[in-house]
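What follows is one structure encoded as structure tokens, with my remarks underneath.
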2 protein chains.
Amino acid sequence: MARVSFRAQVLQAREDAIVDAVNRLLAEKGFDLMTVDEVVADVGIAKASLYKHFTSKEELAAAAMVRVLERALAFVAELQAKPGLKPLEGLKAVARWTMQVQLAGEMPSLPAQNSSLRAALVGHKVYMDRLLTLSDHLGEWIAAAQAAGTLRTSLPPEVVLYTLYARACDPVLGLLKMSGQYGHEQIIEMLLSTCFDGLAAG
Amino acid sequence: MARVSFRAQVLQAREDAIVDAVNRLLAEKGFDLMTVDEVVADVGIAKASLYKHFTSKEELAAAAMVRVLERALAFVAELQAKPGLKPLEGLKAVARWTMQVQLAGEMPSLPAQNSSLRAALVGHKVYMDRLLTLSDHLGEWIAAAQAAGTLRTSLPPEVVLYTLYARACDPVLGLLKMSGQYGHEQIIEMLLSTCFDGLAAG
DNA sequence: GTCTATATGCTGATAGAC
DNA sequence: GTCTATCAGCATATAGAC
């Protein structure tokens, strides 16, 4: 195990604080409306200092996304350690987890079609690695669930995967939360139900 | 019928051209990335002229949304004129229509959580009127479908309504379109299927 | 109402001293 | 690496001549 100097630990802590702030602001206002000035004001450092750690606003967003993806990967690993877990249950658990993160105000929201950000993200090696790794794990569950007959085989795995990812930024969740009529657990169960069982009567 | 002067017609045509450009740019880049300069460059007028018609960028977005909502209302009216249309079929037809508009690149995309825009929209009388009118019509179909047993009664009507509205800005559609593996009609049928029948096997 | 020219503020990003 | 001070550019919105 490599020794880590005290100085390096302080730097790491500062970077963590930056990513914390970025993550919260991204969840709150989204990428376009988040400004670097807000980030530095939140962390309590000078803007030039931030740019020593991260070279652009896009890289800030990528760092926040990487951290969320790694949390997701950790959650998936936890699930996979359970023996006898059915693939469909794994998929539902992940969908539930993304909604919990969203309700906690910890899910960064990136514009679906921002060109500058998309370009930066697809060119970001760590981000792409985490995203593809997660997709691989979910893809295995999807294939297994389809083989087990618990997931509809008429849908291409890709469509299932995208549909699950979309639950992480579903505006319906925000609307229901804002209405104040339902508890968090209730919202999650209803959205899980619409996602897996659909709107139509069985 | 009121007589309309030639001058007024020209002004109306110009406003239509402005809303055309706004609608396209909103669909293409979204509200935050759309600039008023692009709009006026697209229409071929001076910026000050645009601000004689619309007093702010938010009002431009509202005008585009009003036009889309009125197109939706016209579509609903068309459907309601058909005798014997089942409520569930009406809801599916509307969902299909929103996806077609989206695939045609004609669906304005507004940020879900932009504060300045949201405030302007909820304070915009015409926009709110059209939105509530449409919600009323869809709400009737939802109630009728639940009464007829074709729509799950375990879901509050509000949740169904929001879920349908969310199909109009579903990122899954854009991802599938970008992948290039599926035709437009195929994409729509798959997403309709996930929406109404769910992901799980029946 | 339309135009040219401009006001005003804020953005992401840097220079250079310490 | 951190800071203060600042840059250059672009955003929305407006003044004032015609």
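All values below come from the heavy atoms of this structure, side chains included, with hydrogens, waters and symmetry mates left out. Just so we're on the same page: letters track the sequence lines, and every chain starts at 1.
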Q: Decide whether B:E158 and A:Y182 meet the rule of one side-chain donor and one side-chain acceptor closer than 3.5 Å.
A: yes
Please tabulate the protein-to-nucleotide N/O contacts below 3.5 Å involving nucleotides 11-18 of chain D, giving atom names and distances.
{"unit_1": "D:dT12", "atom_1": "OP1", "unit_2": "B:V36", "atom_2": "N", "d": "3.3"}
{"unit_1": "D:dT12", "atom_1": "OP1", "unit_2": "B:K57", "atom_2": "NZ", "d": "3.3"}
{"unit_1": "D:dT12", "atom_1": "OP2", "unit_2": "B:V36", "atom_2": "N", "d": "3.0"}
{"unit_1": "D:dA13", "atom_1": "OP2", "unit_2": "B:Y51", "atom_2": "OH", "d": "2.7"}
{"unit_1": "D:dA13", "atom_1": "OP2", "unit_2": "B:K57", "atom_2": "N", "d": "3.0"}
{"unit_1": "D:dA13", "atom_1": "N6", "unit_2": "B:K47", "atom_2": "NZ", "d": "3.2"}

Q: Mind running a 4.0 Å heavy-atom check of residues 12-20 of chain A against DNA chain C and sending the residues that fall below it, in number order?
A: none
Q) For the pair made of CG in A:L33 and C1' in C:dT11, what is the distance, rounded to whole Å? A) 12 Å
Q: Flag this pair as yes if the NZ/CZ of B:K57 is under 6.0 angstrom from the six-membered ring centre of B:F31 and inside a 45 degree cone about the axis; otherwise no.
A: yes
(Q) If we ignore hydrogens and angles and just use 3.5 Å, is the side chain of A:S135 paired with the main-chain N or O of A:L131 as donor and acceptor? (A) yes
Q: Determine, stepwise, if the pair A:E106 / A:R24 fulfils salt bridge (Lys or Arg N to Asp or Glu O under 4.0 Å).
A: CA-CA 6 Å; A:E106 296 170 351; A:R24 186 159 23 80; over 6 Å; no
**Q.** A:S49 vs D:dC3: side-chain N/O to OP1/OP2 distance below 4.0 Å
**A.** yes
Q: Is it possible for you to check whether A:K92 lies under 6.0 Å from the centre of the six-membered ring of A:F196, through NZ or CZ, and within 45° of that ring's axis?
A: yes
Q) Please give, in whole Å, the distance from D:dT2 C1' to A:L11 CG? A) 11 Å
**Q.** side-chain hydrogen bond (donor to acceptor under 3.5 Å, both in side chains) partners of B:E78, counting only residues at least two apart
**A.** none
Q. Has the side chain of B:R152 got a donor or acceptor atom that lies under 3.5 Å from a matching backbone atom of A:G198?
A. yes
Q: Return the value, rounded to whole Å, for the distance between atom CZ of B:F6 and atom C1' of C:dG1.
A: 15 Å
Q.
Rounded to whole Å, how long is the line connecting atom CD of B:Q9 with atom C1' of C:dG1?
A. 17 Å
Q) For A:K29 and B:D32, what are the C-alpha separation, side-chain angles and deciding distance, and is it a salt bridge (Lys or Arg N to Asp or Glu O under 4.0 Å)? A) CA-CA 12 Å; A:K29 345 180 43 172; B:D32 293 333; over 6 Å; no
